[in-house]
Novice: 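Can you read through this structure? Questions will come right after.
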Amino acid sequence: MAADTKGALCVGLVCLDIIYSVDHYPKEDEDIRASGQKWAKGGNAANTLSVLVQLEKTQEEGEKRPCELLSTLGGGIETDYVLAELDESRIDHAHCRVYSSQKLPTSFVLLNTSNGSRTIIHHRNLPELKFEDFKSLDLSKYNWIHFEGRNPDETVAMVRHIRQSPYSPVVSIELEKKRPELLVLAGLADVLFLSKEHASYHGYQSPEETCLKFRDKAKENAILICAWGERGAVAMDATGELCKSDAFPPPGGLVDTLGAGDTFNAGVIHKLMRGVPLHEAIVFGCKIAGIKCGREGFYNLT
Ligand code: ADP
């Protein structure tokens, strides 16, 4: 397969988001009414793909790259709903591992429309993706494989398998959650995304400090990228040089910050896949994430 027709694979979670829009965050035992309620596909990997697939669709020059999700899926109406959304978005899910007698994970989200904050309660008992589910993929199809950064032991085996194959897709990994066991993944990525949440867990106070402190935990010559909410994002290239982008707050105010980080990641991956310089890529990531913060959901961002 020609390099420029290869696609992007995101490995991680798809779940059902059940989103209640409220005009303030409720106090415990308060009884309030939501201004809206909806179901939507969610999960870091699925969110990133929702944006990536739109960026690919509107790409004017060169190939539009296929986008694929690798996740575990359950059965029941939650899964049916999410599959319909994936199909509508043209996100390939053919290789997902299905546990039809189990339920898809759900995230209950309280979206505060007065400031765009999102409070998430996640529930899952679906098995995580295993190396067994990954190893039969045809790696010649991808020029970028992004890992959400969960289930470290299995992820280590997946990345080892990629490195031992005759193919060399770029491997990006996000360390997002406050989980110490994720650290083992830091040294595996060509492009390492570090969230503010994960950085704060290590006690780091800024995106610059995070990139500097993670440099010796990362793979040699890796690119490090750290988004930091309204402060924008910082990246460090293979030589250790830092660059920065301001955030682009939506002119009409914050409406929905759910998945801002996933949107940023998609924007950056889309640009880096095309060889765009790192600084330009993070500026684009901040711009598209800013647009997302100004509207509900992930649609019509381009
Ligand atoms: P998450 O909490 O979803 O992991 P972040 O809060 O780090 O993500 O934000 C990712 C990107 O989204 C930021 O780099 C920024 O560009 C944009 N963003 C997030 N919050 C805001 C905000 N309040 N104003 C403007 N842009 C924002």
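We count ligands from 1, going down the list as the structure has it; atoms in each ligand are counted the same way.
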Novice: Between K41 and S50, does any side-chain donor sit less than 3.5 Å from a side-chain acceptor?
Specialist: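 Short answer, yes.
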
Novice: Provide the number and element of each atom of ligand 1 under 4.0 Å from a heavy atom of L254.
Specialist: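 With L254 as reference, the close atoms of ligand 1 come out as 22 (C), 23 (N), 24 (N).
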
Novice: With atoms numbered from 1 as shown, which atoms in ligand 1 lie under 4.0 angstrom from a non-hydrogen atom of G261?
Specialist: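 Atoms satisfying the 4.0 Å criterion: 1 (P), 3 (O), 4 (O), 8 (O), 10 (C).
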
Novice: How far is atom 14 (O) of ligand 1 from its nearest protein heavy atom, and which residue and atom name does that atom have?
Specialist: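 I find the closest protein heavy atom is G232 O, 3.0 Å.
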
Novice: Here's a test for you: under side-chain contact (heavy atoms from CB on, under 4.5 Å), which of L73, I91, V14, L104 qualifies with L83?
Specialist: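 Exactly one option meets the side-chain contact (heavy atoms from CB on, under 4.5 Å) with L83, and it is L73.
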
Novice: For atom 2 (O) of ligand 1, grab the closest protein heavy atom and report residue, atom and distance to one decimal in Å.
Specialist: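 Of every protein heavy atom, R118 NH2, 3.9 Å lies nearest to atom 2 (O) of ligand 1.
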
Novice: Judged by modelled atom types alone, do N44 and E174 share a side-chain donor-acceptor pair under 3.5 Å?
Specialist: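 Looking only at side-chain atoms, E174 and N44 do not form any donor-acceptor pair under 3.5 Å.
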
Novice: Is the CZ atom of R90 crowded by more than 12 outside heavy atoms at less than 6.0 Å?
Specialist: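 Check fails, neighbour count at 12 or below.
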
Novice: Examine K217 relative to F214 and say whether NZ or CZ is less than 6.0 Å from the centre of the six-membered ring and inside a 45° cone about the ring axis.
Specialist: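 Yes, cation above the ring, under 6.0 Å and within 45°.
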
Novice: Taking atom OG1 of T155 and atom CZ of F131, what is their separation to the nearest 0.5 Å?
Specialist: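 Here the interatomic distance stands at 11.5 Å.
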
Novice: Would you mind finding which of G229, A289, G267, A233 brings a heavy atom closest to atom 13 (C) of ligand 1?
Specialist: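 Comparing heavy atoms across G229, A289, G267, A233, the nearest one to atom 13 (C) of ligand 1 lies in G229.
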
Novice: Heavy-atom distances under 4.0 Å decide this one: backbone, side chain, both or neither, for S195 against ligand 1?
Specialist: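 The answer is neither.
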
Novice: Any atoms of ligand 1 less than 4.0 Å from a non-hydrogen atom of C286? List them with their elements.
Specialist: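 Those atoms are 14 (O), 16 (O).
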
Novice: Which atoms of ligand 1 sit under 4.0 Å from any heavy atom of A247?
Specialist: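 Per the distance check, 25 (C), 26 (N).
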
